[in-house]
Amino acid sequence: MSSPLILDGKIASIALLDQLQQQVTQAVASGKRAPHLVAVIVGNNGASETYVASKAAHSEKIGIQSTIRRLPAEVSEADLLAVVAELNQDPEVDGFIVQLPLPAHISEAAVTNAIDWRKDVDGFHPENVGRLAKNLPSYVSATPLGIVKMLEHYQVETAGKHCVIVGRSNIVGMPMALLMQRNAYPGNCTVTVCHSRTPDLAYHTRQADILIAALGKPRFVTAEMVKPGAVVIDVGITRVPDASKKSGYAVVGDVDFAAVAPITSAITPVPGGVGLMTIAALIQNTVNGWVAFGAGQ
Ligand code: NAP
């Protein structure tokens, strides 16, 4: 079999960000206020800091105003909800995210549900999930949206394919399934969703023309679990100890890339695949919100 096409998140995300930058630059040149994205971080979670810093840097690079609101780990749920209410009301804010995970004393559902769905650029609010299910304009959770943008960029054929998704979380697996089964491109797949209670998982994954692994188990998907010629999308990001790295760890996906890549027709690497698309997709959502409800109309 010939070498697989590497679905490169750097190339695809730069293409998407370039497009968004043009859109923003033209609107600002015509006198419109630039889009404004706010990220709220609670406490000192190192991974959250890294994600939010990266989101802010990419936003600013393409002309989006970016603000980070830091709150102490001890902030009460009521005080966090007051910040959410303030951001909901602020006409200068087009979209905002409250970075998860939150400290255990705060209900993530209460916070997510309090965000005005028109500013919910993470796409976690029930209104946005319901709108996605009904094929209405909505914000789509950034990771599944980023995967859709990746498939579009590389013009991966999806109609009539069997897409198997491993994982059913609210932020990845479930919205991914809705997107792949909708009557649109990318979409029109026959979708199977697997989870931790699925018996004989490999039987299902071997049926996949498009296999999306989003379970959070490093190198879990082996070559025996993949149909030759499949397109494989690896969502997983896990740090595993690696003495050969200066940092002491390596970032790996849910797919055993070295063993699986040679039998696929196309595959995303980790790092350098879905993660970069996720950030670009969040920025796409912010620009969409600014056009639909804010100064970019
Ligand atoms: P999650 O909420 O923990 O969900 C994991 C899903 O995988 C669950 O539905 C779980 O089933 C299923 N699962 C776990 N073990 C399984 C097994 N052995 N066999 C079959 N299914 C199994 O995780 P998530 O938030 O969706 O994230 C998944 C992975 O993607 C993580 O590595 C995360 O770091 C990564 N991620 C990456 C990005 C990115 O930008 N690249 C963004 C988000 C997440 P049950 O429902 O039965 O428990």
Side-chain angles (χ1 to χ4, degrees), residues 6-10 12-13 16-17 39 45-59 97-102 108-109 112 121-124 129 139-151 163-180 191-208 211-222 224-226 232-240 249-257 267-285:
I6 300 297
L7 303 171
D8 188 322
K10 192 163 183 194
S13 66
L16 177 56
L17 290 170
N45 178 319
S48 293
E49 285 284 345
T50 310
Y51 289 137
V52 167
S54 180
K55 288 167 185 171
H58 281 85
S59 302
I97 60 169
V98 178
Q99 185 67 41
L100 304 180
L102 292 169
E108 290 187 354
T112 302
V121 286
D122 259 339
F124 298 165
V129 179
Y139 295 108
V140 180
S141 177
T143 299
L145 180 62
I147 292 170
V148 159
K149 294 286 173 191
M150 172 82 97
L151 295 170
C163 176
V164 177
I165 301 167
V166 187
R168 58 177 165 183
S169 69
N170 285 338
I171 65 166
V172 187
M174 179 269 290
M176 195 74 243
L178 290 172
L179 288 163
M180 296 307 277
V191 176
T192 299
V193 179
C194 302
H195 45 76
S196 66
R197 304 292 186 89
T198 302
D200 198 359
L201 180 66
Y203 163 79
H204 296 283
T205 58
R206 275 197 302 268
Q207 313 299 315
L211 176 61
I212 303 180
L215 67 158
K217 300 261 185 308
R219 301 191 184 107
F220 183 93
V221 175
T222 57
E224 298 70 44
M225 296 170 74
V226 177
V232 175
I233 307 290
D234 190 352
V235 183
I237 302 181
T238 309
R239 288 179 178 186
V240 297
Y249 66 83
V251 175
V252 300
D254 287 344
V255 176
D256 181 355
F257 185 90
I267 185 165
T268 59
V270 177
V274 172
L276 295 169
M277 296 309 294
T278 297
I279 292 174
L282 174 76
I283 294 173
Q284 167 84 73
N285 276 343

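Indexing begins at 1, ligand by ligand and atom by atom, following the structure's order.
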Hey, looking at [atom], which of [options] has the closest heavy atom?
atom	options	result
atom 15 (N) of ligand 1	M277, M174, K217	K217
atom 27 (O) of ligand 1	N170, V166, I147, V172	V172
atom 20 (C) of ligand 1	H204, R239, H195	H195
atom 30 (O) of ligand 1	V251, V235, V270, T238	V235

Next item on the list: Work out whether the distance between some heavy atom of T198 and some atom of ligand 1 is less than 4.0 Å.
Entry: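 No, that is not the case, since the closest heavy atom of the residue is not under 4.0 Å from the ligand.
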
Note to self: With a 4.0 Å cut-off on heavy atoms, is A214 in contact with ligand 1?
What the structure shows: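 Distance cut 4.0 Å: A214 passes for ligand 1.
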
Next item on the list: Under 4.0 Å from a heavy atom of F220: give me the atoms of ligand 1 that qualify, with their elements.
Entry: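 Those of ligand 1 that fall under 4.0 Å from F220 are 18 (N).
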
Check: Short list, please: which atoms of ligand 1 are under 4.0 Å from a heavy atom of I171?
Finding: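 That gives atoms 25 (O) of ligand 1.
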
Who's the nearest protein heavy-atom neighbour of [atom], and how far?
atom	result
atom 19 (N) of ligand 1	L201 CD2, 3.8 Å
atom 13 (N) of ligand 1	L215 CB, 3.7 Å
atom 40 (O) of ligand 1	T278 OG1, 2.9 Å
atom 45 (P) of ligand 1	S196 OG, 3.4 Å
atom 42 (C) of ligand 1	T143 OG1, 3.0 Å
atom 6 (C) of ligand 1	G167 CA, 3.6 Å
atom 31 (C) of ligand 1	G216 CA, 3.5 Å
atom 1 (P) of ligand 1	S169 CB, 4.1 Å

Flag, side chain of [X] to backbone of [Y], donor-acceptor distance under 3.5 Å:
X	Y	result
T198	H195	yes
S59	K55	yes
T268	D234	yes
E108	P101	no
N285	Y139	no
T205	A202	yes
S169	V172	yes

Measuring only between side-chain heavy atoms, which start at C-beta, is [X] closer than 4.5 Å to [Y]?
X	Y	answer
V129	M174	yes
I171	T143	no
M277	L145	no

N or O pair under 3.5 Å between [X] and ligand 1:
X	value
I237	yes
R197	no
R168	yes

Checklist line | Closest heavy-atom pair and its distance - L16, A280 | finding: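 Here L16 and A280 meet closest at CD2-CB, 3.8 Å.
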
Check: Applying the side chain to side chain contact (heavy atoms under 4.5 Å, CB included) test to E224, which of V221, T222, V226 qualifies?
Finding: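 For E224, the side chain to side chain contact (heavy atoms under 4.5 Å, CB included) check succeeds only for T222.
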
Notebook entry, point to check: Protein heavy-atom contact under 4.0 Å for atom 3 (O) of ligand 1?
Noted result: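 Looking at atom 3 (O) of ligand 1, one finds that no protein heavy atom lies closer than 4.0 Å.
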
